[in-house]
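Notes for the one structure printed next.
Note that ligands are numbered from 1 as they come in the structure, with each ligand's atoms numbered from 1 the same way. A quick note: this is a predicted structure, and the numbers were derived from the prediction, not measured.
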Amino acid sequence: MTPLNPEVTKFLATQPLKMFIDGRWVEAKSGATFETRDPGEGKVLAKVAEGDAADVGAAVAAAQKAFQKSGWATMPANDRAVILHRLADLITKHADNLAQIESLDVGKPRGQAAAFDVPHAAQTFRYYADLAVQTRRREPIAISGFDARTVRVPYGVCGFIFPWNFPFLLVGWGVAPALAAGNTVVIKPAEDTPLSTLYFAKLAEEAGVPAGVINVVTGFGHTAGAALASHTGIKRMSFTGSPEVGRLIAEACGKNLVPVKLELGGKGAAVIFDDVNVDAVAEALAGAVTLNAGQVCCTATRWLVHEKIHDAFVKKATSTLAAMKIGYGANPETNIGPVVSEKQRMRVMGYLDRGMKTGAKLLLEGGHAEVKGYEQGYYVKPALMTGAPDNVCAREEIFGPIAYVMKFNDEDKGIELVNSSAYGLANSVWSADLERANRVAERLVAGNSWINAHNLFAHGMPYGGCNLSGCGGGVLGPETLADYLRNQTVARPLA
Ligand code: NAI
Ligand code: MG
């Protein structure tokens, strides 16, 4: 196991870690702190400033001032892009530190954070910085009788509340388009995983992002988060997390008539036809459902397997999952790290229990996993369940390494089963017959339909959900930049 970089040790050394407001590192006004844990060891990793409504107030005021006076909102997009590329350069330069911090705080395998989360986030800043340069801010309106144009201007202060499963990557998805458009931001990271966002703020400071443009308030959801969502100084809001909290955020924003983006959970299906390479698809889906210990909102957790290949498929998936190495995130051999918290482990266990009590069966037994040397960590074994399509484990998001397997034999019935979900984030179709795969992909009701793969992300390819999975336009697409610009019409009658 490679030791922590000196830079990471240094970052964690001066505790409690402070928040970043108006270009300064500050304690909470109340002086309170909270703890974030290393879920792999179950130990306290760092004490962090516990911000609340008062700190959110200071951060929003700083962001308002920066919007009006720092020049960020009014400088040419090109000048902002220079700074955002510098920030992306620093993310790349410190990628190893960021991957270590993310792995420690979330529990995820360090190699996965280094290969995906961190470089992907750096690229998100570059993508939106470049897109903003190419985006026309003034469009003349070709219309008789008026000299008229549309100007596209940033909104002002944008609020962001993030979850704990991909803290760093989601900061990129969320704030990069807002910043590239010229807005200023207040970020409330999840209380379980605030560290990479604080490190990000350090890099933003170094990159020359003006004071007050990026503010980070660490703290709890019902205090700091609720204060941010209901603050009247916020002009646009974005939330990623559970549908339950998403509703609260939407209510708060509704009261203030503030537009909101909601990226919520999912219960993604994989529809596997009988003409696939069974072993290869079973391996791919075993990988998908264990990615980030299953804490991925869009991953495939309902597997609809054609009855002709069902037994062979389950056999291969079972052996693949059983062979995966559960372990500490910094161990290079680890495939599956711990889940993020004891609360999350109890949630996963609770679902297994409720599912079984209401008639589901286990094809591969899951439950608590003991990892030698890390007995206090929050480890969970992968599991495969099966049973009726209305079982709680087939309907609700578990957010652990568990898939619910169901047989099907008819295309229409398969589609109907997929679409019976209350969610609508992402599904995949697996078939050698591309005509069929494309046909089915278009009939599945969700923000994303993937073919012969699951969990596909690329800059420029919009990602979002419908139904319980969210609303408000999604992320990662060119439209996301437009979401952070409001249109203003300027018109004069021609005499
Ligand atoms: P959560 O929705 O409570 O937490 C997400 C964020 O919302 C955190 O930053 C939290 O501090 C904040 N928050 C909580 N209550 C708030 C409130 N009243 N006002 C404003 N902000 C608030 O998610 P939780 O409880 O950690 O996880 C529960 C389940 O949610 C998971 O098991 C999973 O099913 C789902 N989830 C989905 C995610 C996704 O990527 N779509 C991410 C995280 C969780
Ligand atoms: Mg943590």
Side-chain angles (χ1 to χ4, degrees), residues 12 17 34-48 50-53 56 101-108 159-167 169-171 173-174 187-197 216-231 237-253 260-268 292-299 301 329 337-348 350-351 377-378 396-400 402 423 425-426 447 463-465 468-470 475:
L12 294 173
L17 296 179
F34 68 102
E35 294 168 344
T36 181
R37 284 174 186 268
D38 167 358
E41 292 200 289
K43 280 193 200 144
V44 174
L45 186 55
K47 278 203 162 74
V48 182
E50 186 195 325
D52 60 21
V56 166
I101 290 168
E102 197 75 329
S103 168
L104 276 175
D105 210 6
V106 184
K108 66 176 70 199
F160 292 86
I161 298 176
F162 290 115
W164 39 258
N165 53 345
F166 289 88
L169 176 128
L170 291 175
V171 163
W173 284 10
I187 305 171
K188 208 297 282 173
E191 53 271 37
D192 286 307
T193 59
L195 298 182
S196 59
T197 309
V216 179
V217 179
T218 43
F220 291 100
H222 63 282
T223 50
L228 182 58
S230 60
H231 200 294
M237 187 68 208
S238 161
F239 169 79
T240 311
S242 61
E244 295 77 21
V245 176
R247 274 208 181 92
L248 297 177
I249 306 287
E251 278 169 19
C253 290
V260 59
K261 263 183 196 295
L262 300 175
E263 304 297 328
L264 310 176
K267 192 74 191 175
N292 211 34
Q295 304 163 116
V296 181
C297 47
C298 56
T299 206
T301 52
V339 294
V340 74
S341 61
E342 180 60 12
K343 177 182 151 199
Q344 191 60 22
R345 179 166 66 173
M346 293 316 291
R347 190 181 151 102
V348 174
Y351 268 112
Y378 315 131
E396 295 185 11
E397 181 170 51
I398 300 175
F399 238 52
I402 299 172
Y423 287 102
L425 187 50
Y463 170 86
L468 265 198
S469 295
V475 293

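Pro189 and Val217 make their closest contact through CD-O, 3.4 Å (heavy atoms, listed as atom of the first residue, atom of the second, distance).
A cation-pi arrangement, defined by a distance under 6.0 Å to the six-membered ring centre and an angle within 45 degrees of its axis, is present between Lys108 and Phe166.
The shortest distance between side-chain heavy atoms of Leu468 and Arg247 falls below 4.5 Å. Using a 4.5 Å heavy-atom threshold, the side chains of Cys298 and Tyr463 count as touching. Put simply, the side chain of Leu170 does not reach to within 4.5 Å of the side chain of Phe160, judged on heavy atoms. Using a 4.5 Å cut-off on side-chain heavy atoms (C-beta onward), Val348 and Tyr351 make no contact. Between Thr197 and Ile187, the closest side-chain pair of non-hydrogen atoms falls below 4.5 Å. With contacts defined as side-chain heavy-atom distances shorter than 4.5 Å, the pair Ser341/Arg37 does not qualify.
Looking only at heavy atoms of the protein, atom 35 (C) of ligand 1 is closest to Glu397 OE1, 3.6 Å. Among protein heavy atoms, the minimum distance from atom 7 (O) of ligand 1 is reached at Phe239 CE1, 3.2 Å. In this structure, atom 13 (N) of ligand 1 lies nearest to the protein heavy atom Gly221 CA, 3.3 Å. In terms of protein heavy-atom proximity, atom 28 (C) of ligand 1 is nearest to Arg347 NH1, 3.9 Å. When only non-hydrogen protein atoms are considered, atom 25 (O) of ligand 1 lies nearest to Lys343 NZ, 3.1 Å. Remark: minimum distance from atom 11 (O) of ligand 1 to any protein heavy atom is reached at Glu191 OE1, 2.5 Å. The closest protein non-hydrogen atom to atom 42 (C) of ligand 1 is Pro163 CB, 3.2 Å. Closest protein heavy atom to atom 40 (O) of ligand 1: Asn165 ND2, 3.2 Å.
Residue contact annotation: Phe166 has no non-hydrogen atom under 4.0 Å from ligand 1. Using a 4.0 angstrom heavy-atom cutoff, Gly265 counts as in contact with ligand 1. The shortest separation from a heavy atom of Glu244 to ligand 1 is not under 4.0 Å, leaving the residue out of contact. The shell of residues lying under 4.0 angstrom from ligand 1, judged by heavy atoms, excludes Glu396.
Taking only nitrogen or oxygen atoms, main chain and side chain alike, Phe162 reaches within less than 3.5 Å of ligand 1. Residue-to-ligand polar distances keep Phe399 apart from ligand 1: every N/O pair is separated by 3.5 Å or more. Residue Thr240 places no N or O, backbone or side chain, under 3.5 Å from any N or O of ligand 1.
Separation of atoms OH (Tyr423) and CD (Glu396) is listed at 7.0 Å; rounding is to 0.5 Å. Note that the CG atom of Leu45 and the CG atom of Leu12 stand 5.5 Å from one another [nearest 0.5 Å]. Atom CG in Leu425 sits 8.5 Å away from atom CD in Glu397 (nearest 0.5 Å). To the nearest 0.5 angstrom, Asp52 atom CG is 10.0 Å from His222 atom NE2.
For atom 3 (O) of ligand 1, the choice among Leu264, Val245, Val296 with the nearest heavy atom turns out to be Val245. Considering each of Gly241, Ser242, Gly294, the one bringing a non-hydrogen atom nearest atom 1 (P) of ligand 1 is Ser242. The heavy atom nearest to atom 39 (C) of ligand 1, out of those in Ser341, Cys297, Gly266, Gly225, is found in Cys297.
Near Ala226, the atoms of ligand 1 lying under 4.0 angstrom from a non-hydrogen atom of the residue are 19 (N), 20 (C). Heavy-atom contacts of Ile161 reach the following atoms of ligand 1: 6 (C), 7 (O), 9 (O), 12 (C), 20 (C), 21 (N) (cutoff under 4.0 Å). Those atoms of ligand 1 with a heavy atom of Leu248 less than 4.0 angstrom away are 18 (N).
Trp164 has its ring centre less than 6.0 Å from the ring centre of Phe399.
Rounding to 10 degrees gives 100° for the angle at the Mg ion (ligand 2) between OG1 of Thr36 and O of Arg37. For the pair O of Asp105 and O of Asp192, the angle at the Mg ion (ligand 2) is about 100°; rounding is to 10 degrees.
The pair Glu50-Lys47 fails the salt-bridge criterion, with no side-chain N (NZ, NE, NH1 or NH2) lying under 4.0 Å from an Asp/Glu carboxylate O.
Only the backbone of Glu263 comes within 4.0 Å of ligand 1, counting heavy atoms alone; no side-chain atom from C-beta on gets that close.
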